[in-house]
Amino acid sequence: MSTEPNPALREGKPVEPRRLWFGTASGAVAWVLLGMADIVITWRACMVQEDYGIPAPRPEIRILYFALAVVLLAITVYAGSMSYRTWQYLSNRRKMLDAPAVERREFTAVVGVIVAVTMGRGILWLALPPLFLDLCWRAR
């Protein structure tokens, strides 16, 4: 009989690594995708110019951009809540400020929450100006 303990028991509570990495990385990926979409949509919307360089109003572009921002924000919120639930599952503490997060998986879950909050705010800040400003005037 082996004296070595079971590796699954030594690791603690089982958590799928994909769950941890989705919570940590998807907020940042969503923010980068919205930034790239901002560049592409603005370039595409402002490519067609009328006389004197004044672009034609294109409300469908604004709606498309805002819908994309809402979808990416929803993904970020979902990833943050998944990271928070994972952290609560792994941690013995219920308050986030009392969590030491010394284990790698706990730390990854807490980082996922932090990334989701900061990137979610970034998505909001990136998505709000096109609601009030014309895309082409904002790009100049």
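Everything quoted here is computed from the prediction, not taken from an experiment.
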Tabulate below the donor-acceptor pairs under 3.5 Å that side-chain atoms of residues 115-130 make, not counting sequence neighbours, or state none.
| residue | atom | partner | partner atom | Å |
| --- | --- | --- | --- | --- |
| Thr118 | OG1 | Ile114 | O | 3.0 |
| Thr118 | OG1 | Val115 | O | 3.1 |

| request: With the side chain counted from C-beta on, respond yes when Arg105 and Arg19 share a heavy-atom pair under 4.5 Å apart, and no when they do not. | output: no

What one should report as the nearest heavy-atom pair of Ser26 and Ala79 is OG-CB, 2.8 Å

OG (Ser81) and CD (Gln88) are apart, to the nearest 0.5 Å, by 11.0 Å

Rounding to 0.5 Å, atoms OG1 (Thr42) and OH (Tyr65) come to a distance of 6.5 Å

Validation row: Phe22, Tyr78 side chains within 4.5 angstrom (heavy atoms):
yes

Between Val111 and Val32, is there shared hydrophobic-cluster membership here, with clusters defined by ILVMFWY side-chain heavy atoms closer than 4.5 Å?
yes

Are the side chains of Leu33 and Val29 in contact, using a 4.5 Å heavy-atom criterion?
yes

The reported gap from CE in Met82 to CG in Leu20 (rounded to nearest 0.5 angstrom) is 10.0 Å

OG1 of Thr86 to CD of Glu106, rounded to nearest 0.5 Å, is 11.5 Å

In this structure, CG of Leu68 is separated from CD1 of Ile41 (nearest 0.5 Å) by 6.0 Å

| message | Is there a path of hydrophobic side-chain contacts, each under 4.5 Å between heavy atoms, that joins Met36 and Val40? | response | no

Thr24 side-chain N/O to Thr108 backbone N/O, donor-acceptor pair under 3.5 Å: yes

